[in-house]
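A quick write-up on the structure given underneath.
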Amino acid sequence: MTRQLQAVSDFQKATQHYIAGLPLDQGAWLTDHRWSAAMRFSDLGFPDKREEAWRYTSIEGLLEQGFITSDSDSEVVGAEFEQHFLHGPTAGRVVFVDGTFQPALSDTHIPGVRVSNLRTAMETSDLEILKSVGTLSGPGTHGFSALNMATMRDGALIRVGGGSRLDAPIDLISISTSSASGRTMRPRHLIVLERGAEAMLVERYLSLHEGAYFNNLVCEVLLEEGASLIHQRVQQESESAYHLADLHIELQADASYRGVNLAMGGAWSRTMISNCFAAPGASCELHGLYLAGEGQLVDFHLDVDHAVPGCDSRENFRGILHGNGRAVFDGRILVQEQAQKSSAHLSNANLMLSRRAEVDTKPQLEILADDVLCSHGTTVGQIDPQALFYLRSRGLSEERARRLLCLGFASEILEEFRSAGLREHLAGLIQKKIGSEP
Amino acid sequence: MLRIKALRASVDGKEILKGIDLEVRAGEVHAVMGPNGSGKSTLAHVLAGRDGYQVTGGGVDLMGQDLLDLETEERAHQGLFLAMQYPVELPGVNNLTFLRESLNAVRRARGEAEMDAVGFMKLVRQKANDVKLDQKLLKRSVNAGFSGGEKKRNEILQMAVLEPRLAILDETDSGLDIDALRTVADGVNMMRSPDRAMIVVTHYQRLLDYIEPDHLHVLADGRIVRSGGKELAVELEERGYGWLLEEHAA
Ligand SMILES: Nc1ncnc2c1ncn2[C@@H]1O[C@H](COP(=O)(O)OP(=O)(O)OP(=O)(O)O)[C@@H](O)[C@H]1O
Ligand SMILES: [Mg+2]
């Protein structure tokens, strides 16, 4: 057996063992869900390179790491976390440290919104809340998401009541401390906006250390009729970390989802977004910016399903690659036969700052309806030497000019981060990251 | 201030500048005219240090410094400014941010303190007003989607803010309406000062009526074939370049 196969098999065995050791006395809901997911994991195993969706993204490195240790709660000291909370007005805050909810650091009293956490809901068998968990993801569409459900432990459960309008974002923040090293976190969040609700959510993953860990998360977002969510996601894990995010969105009639994703951390990160239009009149915008430098892989998979007529989707992703950074972008849009009057526009642009960087970009539009408006485009380019000359002729150093042009390239996506404070903070991080490498 | 001596330059092995001699003293305004493709923009680019040109002979001295030895940004720090014939669009790069970074880079190089946000805004508002540039354009991306005339005004604004010692304006008057032409000319005249020099490349005598250069040079096939006063422009307007080329060949 090769080393890689050995790693897969070891990880799989250890995982099965871990699942078998989980308590079974936590009520029927949990037992049912855990077991169907465990069965699913047994069936699926880990994805491998022969599957089209995993062709460019090897998981061998991840499995070799192991990442199986017993669960423990990290010791939490407030001050070191507070500086990372969102500045400026917020509607509330939900904090996780190493995968565990932190009531003392959180502020969950938001008028019109019910905030709870998965662990408490499971411990109290709170079916009223639990009943929606897993409705979009099912027991798992690939081995990792099955694993997430089979071993789920905690996560945010946010339900915005019908007609509620939040005028400031909810800060959902997951922080990794050095106690997370060598461990797998598997948060599972559920965001529900009831009829006509409007909210903004900032969902971030960041790290206080440079160690390796695995964040295997699932987030389900359900927007009922006429609801509208602005979802701002930031992946800023340790540069040794592995991050796998599985985001499921379902939109009822006339709902509107506007999401922006920034991925810049992690040695290996993959975000899979699937959007399902459940009724006509809904719109889904997915924006994203990814940065990969020396030793990093960043991967985005979009799966947008126009199953009903009269919905709009727009996917706009940009990437900046330097060093030997690698990116994968796989944008799939399916417009089904009955989905007339759909519009779908996909674009992906990549800026390569180094000859050693690599990107695999694959837009896939599958259009089975005839009365639709669809387009797609991909570009891979370098910094324009004329633009560089223009800036330098005005006195800017070459390095400064490059950074400014990179930020300019990123700005269209950064604009989607609505809070000015967060946007500027992120722009600063991006500049630092680009400046730190050749 | 500027002394160009027997300057030769080529692109991809093709010689474009075939021995240029030009001396510009502080306080002077020189006009450069000449047929399309004669090498006017090439001369401007070589002076500004753009990549892609090989200097194959001669030299350039700017205020005692060997200009060709300097990086593009160092030339800007020394007080060189080139208003480009085709200003580049920079989508996503905010015009104000760009101006402020430029100004501060140049000020740092001159040993002056960086300008604070308030002082900078005041300065830019004033200058934008002087060159009649719509304030709204300041908030947009540099030149992106600007009309031809707006781009040229934006170049003049940059010149006004950066206050260079030597400004080269490459066809800043091309494509401008009559009022805009007047504004650009006013911008140039406003900048005229005993310790500043300017080289104005143009195809039109009209601009020179407003600007009144001290000297006029005709560049043809990579050489200066005639130098004279501003009255030369009138003759060129009437007779074209043909006779000059013939005289030069003879
Ligand atoms: N990068 C380049 N590659 C190839 N040829 C070039 C390049 N740059 C300039 N040239 C050639 O050099 C010659 C001079 O060009 P230049 O742009 O300097 O002319 P110009 O006098 O500014 O003309 P115009 O009045 O049309 O602006 C032209 O024949 C042009 O095609
Ligand atoms: Mg020219």
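Chain naming here is simple, since letters A, B, ... match the order of the sequence lines and numbering starts at 1 in each. Excluded from the calculations below are hydrogen atoms, water molecules and symmetry mates; all remaining heavy atoms, backbone and side chain alike, are included. All values reported here derive from a predicted model rather than from experimental measurement.
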Between [X] and chain A, which part of the residue has a heavy atom less than 4.5 Å away: side chain, backbone, both or neither?
X: A144(B); answer: neither
X: E155(B); answer: side chain
X: R75(B); answer: neither

- Can you name the closest pair of heavy atoms from R394(A) and A76(B) and give their distance? C-CB, 4.0 Å
For [X], is the [atom1] atom crowded, meaning more than 12 foreign heavy atoms sit under 6.0 Å from it?
X: R125(B); atom1: CZ; result: no
X: D51(B); atom1: CG; result: no
X: R3(B); atom1: CZ; result: no

- Query: Contact part of Q386(A) toward chain B, heavy-atom cut-off under 4.5 Å: side chain, backbone, both or neither?
  - Reply: both
- Please round to the nearest 0.5 Å and tell me the distance separating atom CZ of F98(B) and atom CG of L391(A). 5.5 Å
- Please work out whether the ring planes of H45(B) and F389(A) are parallel, tilted or perpendicular, with thresholds of 30° and 60°. perpendicular
- Charged N-O contact under 4.0 Å between E101(B) and R403(A): no
- Query: Side chains of M84(B) and S393(A): closer than 4.5 Å at any heavy-atom pair?
  - Reply: yes
- Query: chain A: which of H77(B), R108(B), E73(B) shares the most heavy-atom pairs with it under 4.5 Å?
  - Reply: E73(B)
- Residue that, paired with Y390(A), satisfies side chain to side chain contact (heavy atoms under 4.5 Å, CB included) out of T72(B), V93(B), L90(B): L90(B)
- Message: Quick one, E74(B) with R392(A), criterion salt bridge (Lys or Arg N to Asp or Glu O under 4.0 Å). Give me CA distance, side-chain angles, the key distance, then yes/no.
- Response: CA-CA 9 Å; E74(B) 293 170 330; R392(A) 293 178 67 195; over 6 Å; no
